[in-house]
Amino acid sequence: MESRYEPEGVESKWQMRWQADGLFKVKEDISRDKYYLLEMFPYPSGKIHMGHVRNYTIGDVVARYKRMQGKNVIHPMGWDAFGLPAENAAIEHGIHPAKWTYDNISAMKRQLKRMGFSYDWDRELATCDPSYYRWEQLFFLEMYERGLAYKKRTHVNWCDKCQTVLANEQVEDGRCWRHSDQEVTIKEMDSWFLRITRYADEMLEFCERLPGWPERVLTMQKNWIGKSYGALIRFPMVEPDEVIEVFTTRQDTVFGATFLCLAPEHPLVTKLIKGLPEEREVLAFVDRTLKMDRFMRTSDFTEKEGIFSGSYCLNPMTRDKIPIYIANFVLFDYGTGAIMAVPTHDQRDFEFARKYGLPLRVVIQPEGQVLDVDNMTEAYVGEGVLVNSGPFDGKRNTEAMEEIADYLKSEVLGEKTVNYRLRDWGISRQRYWGAPIPIVYCDKCGTVPVPKDKLPVVLPLDLQVRPNGGSPLPFEPSFCMTYCPRCGGPARRETDTMDTFVESSWYFDRYACPDYDKGPLDPEKVSYWMPVDQYIGGIEHAILHLLYSRFFTRVLSDLGYLKVREPFTNLLTQGMVCKEIESCPIHGYLYPHEAREGTCSRCGSKVVVGASLKMSKSKKNVVDPQDLIDRYGADTVRMFCLFASPPERDLEWNDKGVEGSFRFLHRLWRLVWDSRDKLAGTFPCEKDGSEYLPALHRKTHQTIKKVTEDIENRFHFNTAIAAVMELVNEINRVLEDKDSLRAGEWLVIREAVAMAVILLSPVVPHICDELWETLGNDGCLLSVPWPSVDEAALKEEKRVVVLQVNGKVRSRIEVPASLGEEEIKELALADPRLRQFIADKTVKKTVVVQKKLVNVVV
RNA sequence: GCGAGAGUGGCGGAAUUGGUAGACGCGCUGGACUUAGGAUCCAGUGGCCUAAAGCUGUGGGGGUUCGAGUCCCCCCUCUCGCACCA
């Protein structure tokens, strides 16, 4: 050990030691409790950003803590290696996506190792490796056999920048989730889907059985699945002989349905208007609506518009002839793409009816009020008694709900049904850098799955991405020209690849057995390790990745590969790392070096400090963790990201704060160095010192308690670190008269120092191992059991009791802890300062809070 | 609009069950050591007041309570989610 704290040397020394000892390798051991700790694996973008550092540091602390608690901890890491940025880099820099990806992986792996994270690198996997995605292709085929994967021609979301289709979950506010400036357009094309809707109900139900998940993530998932109960009602047309099905949650109002609206995409639209005089006009309206992007179309600000189709149908209950409209607010992919409109009891329908002069019919009368069609200014959406509703007149609408549904069923006019907002997961991507979909198209046999023994369908690596960003696969004869597995005739391969979210939906299972080659998952290993006990990652995956993973887990369970239904028992969603960014009115956001003394270095405009941007999303002005590691070392960086705020909160980056953490580690180092002769000695030290320095002894055990609880119960590392800082401050105070300390006192100090080092070791493992060695111990702290609290040490002989008059603090007294309520009260009332405040006023009441406080009411 | 969360010093944040508001750290101020310091150490640091005493103070207003950052009601602001879902 050197007298000066030089992080680089310490960190490389211990990282080498850990690696040489294979400290992080882990094996199944049924005699021990397993603990699966997982952080969301990164996309190998080039280098790690502060978001990664924060995420992985949080995970590493928990992993190390659980290890010290005696758990058999699996803590793996890998690479979400397929995806678009690799292709973009290929276009921009002429590097093959594979080379770019693997280069990035090795660079980032070096950085993660430099951070000292305790990963079992033997389990590392990259999803772009055929030995990984071959199993995904197998899953696809087995899903295809069971109807869980299917192909359909439909309206899909298209991002022009990505040159590909996006799943509904990947569209945010009508824009691409990767390109917030790119509006998504709707295209009609053939696409492969995974039938996630089959599990909608189960996933919804299980939201109630995930107490270890944040409430808001569960709420988001529930909303996304969007289950609603209602009825399917068939409206027969007058001519031609067609039936229009609508979905409604308000079948109680069916007698009030005075018109019907179709989505512009509805297949009936073209049929109905063919040859009518209005055809042109209607088509123009449809065309105009479909050109609008979905976000605009469904926005609150967009005017509700419609047009008469020229046709009528019958209200199945009243047998009235009612007009059919085409309306911009009706969504084709929700319900049946058609709605019955009840203007009296639905505000949107009301406005639409008033706008186009359509009839109204009141079917619910509220209590003590009579609605009149002519005087209504808004729809009545509350409860009431049914009127104008034939046999149901006089019944409460809420009670008639069920009866009307039954009636519809008995008259074959409809039935009760449940509708979900969730759509099937579109996984086709017209991209190169992804896992090929193992399907062949034969002119004779049609769609033919690749036989399982012919897997993997390997993505050819000798292709160039096309300059416009398109996939080269459809143009590569050696890939797409093949033979039909069924008839042997010439056939064409599917050239779409799978959404990369498919890879990330099961990687955590594969970590249990990354090299297994007899199947996707080694049953014994995966049943030992799964489910993940603690998953940690960003809130941005609240729906996307987390929903897909829950779906996939169920599929793999039904296919017999897994025993669990839920992949992640506990979920911690960490906040974003943000930084206030200076921006120039002309050049936009600036890098730190572009803003000098409040002006833009390029144009001299006054710089505005304002927007706080997420570091993981913006390229500009990010704090590069590598710079910090180079300057302060990994331990300081680890410590600061934890100390700055609790994990679930967003972290506003502040460069100055890092120095504080560095200084603290420095102080800790010097504390050990300066007294190394007195402090050295194996641990635990003999318990003879308990009568010496009782305050420090107590503080030591209070700290153990606090740190353990903070990590165990709530992952609040910031307060855990603060508690150790307090202990270190206390030790330094005691050491002020270092020369007069007796041997017994040194024992207490030794224990205090040892505890500070042990308690901090999950956070700053390198420096702690070094200090541990200096303190005369062998080995690494990861193998030292987590300390337990000596309850006896927590007992205090004296306590400070706060004295209040009318709730205001007026004095403090120190009393023996053994005193009873009455005695404390007496002592309190005898306190001169308190007496001064009571003076001549009458004491009305005295409240004593045991060992804490006395409040005198006058 | 609906739902959830939040609002505490100059800043990040503590206060876990109603009981000493501001732990811990940053920054700042003063001092020590020093050729020097943006290194280190010591002291101070919510506001008002020269200081002490005192008063005041957790977005604003009201309430419950001996006692409220914490509980209840109303309002304001911010963040997130949902938002024509039939």
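Note on naming: letters A, B, ... go to the chains in the order of the sequence lines (proteins, then strands), and numbering restarts at 1 for each one. No experiment lies behind these values; they were computed from the predicted model shown.
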Contact pattern, 5' to 3', of nucleotides 20-29 of chain B - B, S or - by protein heavy atom under 4.0 Å: BS-BBSSS--
Nearest-angstrom distance, C1' atom, B/G9 to B/G27: 12 Å
Sugar-phosphate, base or nothing in reach of A/R421, heavy atoms under 4.0 Å: base
Minimum-distance pair of heavy atoms, taken over all atoms of A/P647 and A/F717: CG-CE1, 4.1 Å
5'-most by nearest nucleotide on RNA chain B - A/A644 or A/T248: A/A644
ring-ring contact (aromatic ring centres under 6.0 Å, His included) between A/F352 and A/F329, worked out: CA-CA 10 Å; A/F352 195 86; A/F329 61 84; 5.6 Å; yes
Sugar-phosphate only, base, or nothing, as touched by A/K706 at under 4.0 Å among non-hydrogen atoms: base
B/A86 OP1/OP2 closer than 4.0 Å to side-chain N/O of A/S228: yes
Nearest heavy atoms of A/G212 and A/N570, plus distance in Å: CA-OD1, 3.2 Å
Separation of B/G12 P from A/E648 CD (nearest whole Å): 16 Å
Check: B/C66 base within 3.5 Å donor-acceptor of A/N855 side chain: yes
Sugar-phosphate only, base, or nothing, as touched by A/R423 at under 4.0 Å among non-hydrogen atoms: nothing
Closest non-hydrogen atom pair, A/R550 against A/M203: NH2-O, 2.8 Å
Separation of the C1' atoms in B/U58 and B/C71, to the nearest angstrom: 16 Å
Separation between the P atoms of B/G57 and B/C42, rounded to whole Å: 35 Å
Nucleotide paired to B/G25 in any strand shown, Watson-Crick or G-U, under 3.5 Å: B/C11
Ring center gap for A/W653 and A/F640 short of 6.0 angstrom: yes
Sugar-phosphate only, base, or nothing, as touched by A/V724 at under 4.0 Å among non-hydrogen atoms: nothing
Base partner of B/A4, which must satisfy Watson-Crick or wobble distances under 3.5 Å: B/U79
Nearest-Å distance once atom C1' is located in both B/U50 and B/C33: 31 Å
For B/U20, the Watson-Crick or wobble partner whose two distances fall under 3.5 Å: none
Closest nucleotide among B/C66, B/C80, B/A14 to the A/R714 side chain: B/A14
Any-strand Watson-Crick or G-U partner of B/U40, both distances under 3.5 Å: B/A32
Donor-acceptor side-chain pairing of A/D424 and A/T197 below 3.5 angstrom: yes
Presence of A/K808 side-chain N/O under 4.0 Å of B/U56 phosphate oxygens OP1/OP2: yes
Matching residue for A/T700 among A/M755, A/K705, A/E730 - test: side chain to side chain contact (heavy atoms under 4.5 Å, CB included): A/M755
Watson-Crick or G-U wobble partner of B/G54, both distances under 3.5 Å: B/C48
Span that lies between the C1' atom of B/C49 and that of B/G54, in whole angstrom: 9 Å
Separation of the C1' atoms in B/G30 and B/G13, to the nearest angstrom: 26 Å
5' precedence on RNA chain B between A/V847 and A/G337 (nearest-nucleotide basis): A/V847
Between B/G19 (C1') and A/K825 (NZ): distance, integer Å: 17 Å
Anti versus syn assignment for B/G9, with syn defined as within 90° of 0: syn
cation_pi(A/R421, A/W224) dist<6.0 Å, angle<=45: yes
Distance test, side-chain N/O of A/R4 to OP1/OP2 of B/A39, below 4.0 Å: no
